[in-house]
Amino acid sequence: MKSIIERYSKQKEERQQLLNPASEVKREAASLRKELLCLQECHRQLMGEELSGLSIKDLENLENQLEMSMKGVRIKKGNLIYQENRELHKKVDLIDQENAELRKVYAERNADEANRASRPPYTVENGYDLLAPIRLQLSQPQPHNSDEPANSMKLG
């Protein structure tokens, strides 16, 4: 019988809510106002304001709540620092790799320059020095025969 009366009361409430939605909105608004006031009071207490009306037990609870909040903040901050540290290590490793590649290229270039320095400057692959002084000698003119050899060609 009791369950039937409870069901009837519940149905009656639901019917009233359907017929009068404004009253439901008013109740919800009043509930939200109460919750807002409670949250504002908690915020003031967490900020250290209006603590005079609190009991020792309330103050201990507030202290525990603050300690838990600080612990959460420290953990988040530590995770952020750890992630940043990992990213920085990756960047340092990448820069080390690039430096190793640059050192390798630089060493190869120095080796090429050393090879070039060991060869005489301005030489042609057949061994002639392009900047060596050229020595010319004068010779006596050869007598010019007006008789051309029979085999030679005449140019026109």
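Positions are given from 1, in the same order as the sequence printed here.
For Ile56, the CD1 atom sits in a loose shell: 12 or fewer heavy atoms of surrounding residues, nucleotides or ligands are nearer than 6.0 Å. Residue Glu84 qualifies as open at atom CD: its count of foreign heavy atoms under 6.0 Å is 12 or below. Counting non-hydrogen atoms of neighbouring residues, nucleotides and ligands closer than 6.0 angstrom, the CD atom of Glu35 reaches no more than 12 such neighbours.
At a threshold of 4.5 Å between non-hydrogen side-chain atoms, the residues Asn99 and Arg103 count as touching. Contact annotation: the side chain of Arg44 never approaches that of Met47 to less than 4.5 Å [non-hydrogen atoms, C-beta and beyond]. The shortest distance between side-chain heavy atoms of Lys10 and Glu6 does not fall below 4.5 Å. For the pair Leu62 and Gln65, the minimum side-chain heavy-atom distance is below 4.5 Å. Lys76 is not listed as a side-chain neighbour of Asn79, based on a closest heavy-atom distance of 4.5 Å or more.
Residues meeting the side-chain hydrogen bond (donor to acceptor under 3.5 Å, both in side chains) test with Asp58, sequence neighbours left out: Ser55.
Between atom CD of residue Glu98 and atom CG of residue Asp93 there is a gap of 11.5 Å, rounded to the nearest 0.5 Å.
At distances below 3.5 Å, at least one donor-acceptor pair connects side-chain atoms of Ser9 with backbone N or O atoms of Ile5.
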Item checked: Verdict with reasoning, Leu46 to His43, per side chain to side chain contact (heavy atoms under 4.5 Å, CB included) -> CA-CA 5 Å; Leu46 289 172; His43 181 263; 5.7 Å; no
